[in-house]
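For the single chain, residues carry numbers from 1 onward in sequence order.
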Amino acid sequence: MEELQKSINYKFKDESLLIEALTHSSYANEQKGKNIKCNERLEFLGDSVLSIVVSDYIYKNCPELTEGDLTKLRAYLVCEESLYKFAKKINLGSYLILSKGEHHNNGSKRPSILSDAFEALIAAIYLDSDRETAADFILDFIIPELKNHKKRPAKDYKTTLQEIIQKNPGETLKYVLVGESGPDHEKHFVVEVHLNSNVIGKGGGKNKKQAEQQAAREALELMGY
C-alpha cells in the first residue's frame, strides 16, 4: 500500500478505500461470508468523476472543437485502452487483490480488470479527499495523453479501422452498399461495414466514399475508439 501511494503521490487518510479499490469481485466472491467489499461500486463512481473532469478540461482547453469533436475526444481519453495504459504506468496490476483463479489466468494484466481498477482508484481518491485532488490525479495522465493525441497525424476512419482489424489475422472487412435513394443531383447512399459476416457499423452520405467513412466511424465508436 505504501509503495502504491508513493507512486501516485497521494497518501490515503482512510486506507480501507484504497484496499476496496484494489479488490476484484473474484476475490470477494471467493471469500464468501467475510463481507469483503469489491471495487465495482467505486468503479461506477470513478467513471462519472473521470468523465466530468475530462469534459471540463477539454471544454476549457480545446475551444476550437465542436460538440461532436469534444465527444469523440472524451471517448478516446476515457476508453478502456487509455485507462489500461494509465494503469500500467503506475504498475497497478501488481497491487490488485484477485482470486486464485484470476491470478492463475493473469487477471492482473487483463485490460478490462486494470481499467476498472483505475476508475475505482479515482473514486477512492475522490471520497478520501475532494474533487480537486481527484482531478489533479486524473489530469496527470490526461494532459500528456491529450498532447500526444494532438501530435498524431489525422487518419481517415477507414484507415484507422483497417489498422485495428489487421492486428487480428484472419479477420476481414467488407463495405456493402445497402441503400440508395434520391434524385441524381441529390443522391443518398447507405453502407454497412462487415467484420467477417457481422455488421459492425452503418453510415450514410452523398456518395459511397462518404457513406463508407461514416460506417467505419460508427464501428470505431462502438469499439471504444
query: Sub-3.5 Å donor-acceptor pair from the side chain of Ser7 to the main-chain atoms of Glu3, do we have one?
result: no
Requested in this report: Count the heavy atoms belonging to other residues, nucleotides or ligands that lie under 6.0 Å from CD of Gln166, then report whether that count exceeds 12.
Outcome: yes
For Val190 and Leu177 the tightest heavy-atom approach is O-CD1, 3.4 Å
Item to complete: Could you check if a side-chain atom of Thr133 sits within less than 4.5 angstrom of a side-chain atom of Asp128, using non-hydrogen atoms only?
Response: no
### Message
Are more than 12 heavy atoms, taken from residues, nucleotides or ligands other than Asp130, located less than 6.0 Å from that residue's CG atom?
### Response
yes
Correct closest heavy-atom pair for Ser115 and Leu83 would be CB-CB, 3.6 Å
Within a radius of less than 6.0 Å around CG of Asn168, do more than 12 heavy atoms belonging to other residues, nucleotides or ligands occur?
yes
Here the gap from Leu96 atom CG to Ile113 atom CD1, rounded to the nearest 0.5 Å, amounts to 7.5 Å
key: Any donor-acceptor pair under 3.5 Å from Gln214 side chain to Gly204 backbone   = no
In short, Lys206 meets Gln210 closest at the heavy-atom pair N-OE1, 2.9 Å
Group every Ile, Leu, Val, Met, Phe, Trp and Tyr by side-chain heavy-atom contacts under 4.5 Å, then state whether Val199 and Met223 land in the same group. no
Leu121 and Phe44: same hydrophobic cluster, using ILVMFWY side-chain contacts below 4.5 Å? no
**Prompt:** Considering only heavy atoms from C-beta outward, does the side chain of Leu22 approach that of Leu92 to under 4.5 Å?
**Reply:** yes
* Asked: Side chains of Val54 and Leu73: closer than 4.5 Å at any heavy-atom pair?
  -> no
Check your understanding: Quick check: does any side chain N or O of Lys187 sit under 3.5 Å from a backbone N or O of Glu180, one acting as donor and the other as acceptor?
Key -> no
Less than 4.5 Å apart, any side-chain heavy atom of Lys209 and any of Lys158? no
Tightest non-hydrogen contact, residues Ala123 and Leu42, listed as CB-O, 3.1 Å
Separation between CD1 (Ile122) and CZ (Phe86), nearest 0.5 Å, reads 9.0 Å
Separation between CD (Glu221) and CD1 (Ile200), nearest 0.5 Å, reads 12.5 Å
Review point. Would you say Glu218's side chain and Gly203's backbone share a donor-acceptor pair under 3.5 angstrom?
Key: no
Applying side chain to side chain contact (heavy atoms under 4.5 Å, CB included) to Leu173 and Leu195, what does each step give before you reach the verdict?
CA-CA 5 Å; Leu173 277 179; Leu195 177 59; 4.3 Å; yes
Self-check item: Whether over 12 other heavy atoms sit under 6.0 Å from Tyr27 OH
Solution: no
Nearest heavy-atom contact between Leu18 and Ala124 is N-CB, 4.5 Å
Taking the side chain from Ser82 and the backbone from Tyr76, do they hold a donor-acceptor pair closer than 3.5 Å? yes
Does a side-chain heavy-atom distance below 4.5 Å link Leu45 with Arg41? no
Between the CD atom in Glu80 and the CG atom in Leu114, the distance rounded to the nearest 0.5 Å is 9.5 Å
Quiz prompt | Residues Val53, Ile142; criterion side chain to side chain contact (heavy atoms under 4.5 Å, CB included); working and verdict | solution = CA-CA 10 Å; Val53 169; Ile142 292 297; over 6 Å; no
Review point. Just wondering, do Ile125 and Val49 contact through their side chains at under 4.5 Å, heavy atoms?
Key: no
Q: Quick one: sort the Phe141 and Phe118 rings into parallel, tilted or perpendicular, breaks at 30° and 60°.
A: perpendicular
>> Quick one, Ile143 with Tyr57, criterion side chain to side chain contact (heavy atoms under 4.5 Å, CB included). Give me CA distance, side-chain angles, the key distance, then yes/no.
In response: CA-CA 9 Å; Ile143 292 173; Tyr57 183 83; 3.5 Å; yes
Nearest heavy-atom contact between Leu4 and Ile90 is CD1-O, 4.3 Å
- Are Val176 and Val193 linked, directly or through other ILVMFWY residues, by side chains that come within less than 4.5 angstrom of each other? no
Exam field: side chain Glu30 to backbone Lys100, donor-acceptor pair closer than 3.5 Å
yes
So OH of Tyr95 and OG of Ser108: to nearest 0.5 Å the spacing works out to 12.5 Å
Does the side chain of Pro169 come within less than 4.5 Å of Glu171's, by heavy atoms? no
Taken to the nearest 0.5 Å, the spacing of Leu98 CG from Ser25 OG works out to 9.5 Å
ask   = Any donor-acceptor pair under 3.5 Å linking the side chain of Asn196 with the backbone of Asn198?
value = no
**Whether Asn39 side chain and Glu20 backbone form a donor-acceptor pair below 3.5 Å** = no
Q: May I ask whether Ile52 and Leu65 are part of the same hydrophobic cluster, defined by side-chain heavy atoms of I, L, V, M, F, W, Y residues being less than 4.5 angstrom apart, directly or through others?
A: yes
*asked:* Taking the side chain as everything from C-beta on, heavy atoms only, tell me whether Ser99 gets closer than 4.5 Å to His24.
replied: no
| Should we say atom NZ of Lys72 is surrounded by more than 12 heavy atoms from elsewhere, each under 6.0 Å from it? | yes
Report task. Applying salt bridge (charged side-chain N to carboxylate O under 4.0 Å, His left out), run through Glu2 and Lys6 and close with a yes or a no. Result -> CA-CA 6 Å; Glu2 289 298 324; Lys6 286 179 182 176; 5.9 Å; no
